[in-house]
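The block underneath contains the structure these notes are about, expressed in structure tokens.
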Number of protein chains: 2
Amino acid sequence: MSAPIKFASTVTDPKLVEERRTQILGAAIKLFSDKGYYRTTILDIAKTAGISSGLIYQYFSEKEDVLCFALLHVVDTYEREIPTRIAGAKDPVDRLCQSVEAYCTIVDNLRDATLLAYRSTKSLSPAGRKHVMAGEQRSNQIILGCINECIDGGYFREVNSDLLVYQFVMYCHTWALKYWAFRDKYTLKQYVDEGLKLLVEPYLTPRKGRGAFRKRQEPL
Amino acid sequence: MSAPIKFASTVTDPKLVEERRTQILGAAIKLFSDKGYYRTTILDIAKTAGISSGLIYQYFSEKEDVLCFALLHVVDTYEREIPTRIAGAKDPVDRLCQSVEAYCTIVDNLRDATLLAYRSTKSLSPAGRKHVMAGEQRSNQIILGCINECIDGGYFREVNSDLLVYQFVMYCHTWALKYWAFRDKYTLKQYVDEGLKLLVEPYLTPRKGRGAFRKRQEPL
DNA sequence: TAACTGAATGAACGATCATTCAGTTATTGA
DNA sequence: TCAATAACTGAATGATCGTTCATTCAGTTA
């Protein structure tokens with residue numbers, strides 16, 4: 001796990017700090033996603049969150065910190081939720097499939113925020129950007145682990161797993177990036193299923209791989 | 001082709017207009033990519049282009065027009081160059097492979113500008129955004145055509161071509177989006193070759209498809 | 001040589017915020 | 001009950017640009 005970044009606050013009660021920051025976060029993600037970072041004013045955020053502009057500066061030391069907090073929230077959610085959701089699966093193929101499903105589901109929940117990450121990571125200071133990218137890398141590692149398990153276990157044929165990770169990750173992100181094109185054609189479930197057909201099936205070994213893939217379709 | 005957008009200019013000589021706009025475009029892409037749209041001032045652009053700030057307003061009516069011009073330049077380049085580069089190939093599989101190679105090569109040439117498109121399309125007015133997205137859609141259609149030719153000609157098995165297009169396009173864009181991760185591991189050529197292995201090979205029909213794919217490796 | 005044209009300049013204007021801080025309200029604990 | 005402390009407010013400040021425009025200047029025509 002990374003060194004969790006400290007954002008300075010003048011408020012002492014940690015409970016209150018978390019509550020207010022969550023409140024500000026919600027407003028900020030909504031507005032940044034909608035109007036973009038630079039077009040969103042601190043006053044906008046304050047009004048949407050139902051507080052005064054000055055109060056934001058009790059919980060964040062500058063506007064950029066609010067953006068950084070929002071983007072870290074996104075990558076931290078990926079990193080935290082994917083392992084939780086694949087914990088049940090023991091079979092490597094099942095784990096891989098479930099990690100894709102989990103990732104897509106999280107992206108779907110954080111669709112606006114995921115887009116925001118693509119648009120606004122460059123607006124961060126180098127230090128903040130480094131943290132966000134490091135978080136993204138850590139969730140990539142989870143997927144990479146699943147792929148390598150499939151290869152090592154003989155479920156996948158030899159394949160460039162380094163590159164395949166990015167295919168998986170981009171497929172999940174693309175649900176947010178191209179949502180305007182997909183929303184009318186696919187449900188999230190359909191999108192995930194198609195993704196497995198495109199990204200998992202082709203690499204399965206004929207017997208062991210396909211066998212495991214079939215088995216997970218009709219469980220119990 | 002789309003209705004080419006007119007950007008207002010007070011300067012009468014069309015030759016000069018094109019020359020100056022190209023000059024401004026170069027500075028703008030460099031600076032927007034580097035510092036982001038909002039952090040780049042008109043004065044920055046003027047200085048980098050070697051002209052005065054006021055002169056920019058003789059060639060564009062507002063700052064946003066400069067951004068719009070830059071993003072349209074990117075999508076227009078895709079749309080113009082891909083067909084040119086695949087004109088030689090007659091075999092559908094070859095056409096598809098060459099379109100990927102062409103797209104990746106153009107992305108590589110316009111790497112900064114491609115990133116800029118991801119980051120800044122939302123900063124455009126709805127009208128401008130619509131034009132940029134329409135341009136992007138038109139180059140997608142080119143790839144879609146190649147895939148469908150492969151399917152119809154019996155080179156590809158039945159596959160969700162709608163979705164596969166986005167896989168191809170995203171693969172090409174990812175060269176720009178994740179360049180920081182790829183630059184040390186792959187040359188552009190290697191990246192393209194790996195892409196064909198991941199995105200073309202799995203869908204080839206055993207005889208006709210694979211045959212055509214093999215043939216293009218050792219031509220004459 | 002004078003009159004004209006339109007390209008180019010850059011100082012000045014005005015609007016927009018991020019940030020601060022003097023003052024107000026709420027909470028705590030003795 | 002009443003300090004004392006913490007949380008909160010929102011008007012004021014000051015810096016930053018996008019945009020304008022009066023002016024200069026090079027080149028062209030009369």
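Worth knowing before you read on, the calculation uses all heavy atoms, side chains too, and leaves out hydrogens, waters and symmetry mates. Lettering follows sequence order; numbering is per chain, from 1.
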Heavy atoms under 4.0 Å, any strand shown: does [X] hit a base, just sugar-phosphate, or nothing?
X	answer
A:Ser53	base
A:Tyr59	sugar-phosphate
B:Leu43	nothing
B:Thr40	sugar-phosphate

Name the closest nucleotide to the [X] side chain, picking from [options].
X	options	value
B:Lys63	C:dT19, D:dG18, C:dA7	D:dG18
A:Asp13	C:dG10, D:dA7, C:dA7	D:dA7
B:Leu16	D:dA7, C:dA7, C:dT19	C:dA7
A:Tyr57	C:dT19, D:dG18, D:dA7	C:dT19
A:Ile42	D:dA7, D:dG18, C:dA18	C:dA18

Original post:
What orientation do B:Tyr118 and A:Tyr118 show, parallel under 30°, tilted 30 to 60°, or perpendicular over 60°?
Top reply: tilted
Side-chain donor-acceptor pair present, [X], [Y], cut-off under 3.5 Å:
X	Y	answer
A:Thr10	A:Gln58	yes
B:Tyr179	B:Asp112	no
B:Tyr78	B:Thr114	yes
A:Arg39	B:Tyr38	yes

Subject >> Residue mapping more 5' on DNA chain C - nearest nucleotide basis, A:Tyr38 or B:Gly54 >> reply: B:Gly54
Subject >> Check: C:dA18 base within 3.5 Å donor-acceptor of A:Glu62 side chain >> reply: no
**OP:** Check whether any side-chain N or O of B:Arg20 sits under 4.0 Å from OP1 or OP2 of C:dA8, and answer yes or no.
**Re:** yes
**OP:** Send over the distance from B:Ile56 CD1 to D:dC17 P, rounded to a whole Å.
**Re:** 15 Å
Original post:
Separation of A:Asp44 atom CG from D:dG10 atom P, in whole Å?
Top reply: 15 Å
Original post:
Now, which nucleotide makes the Watson-Crick or G-U wobble pair with D:dA26, with each of the two distances under 3.5 Å?
Top reply: C:dT5
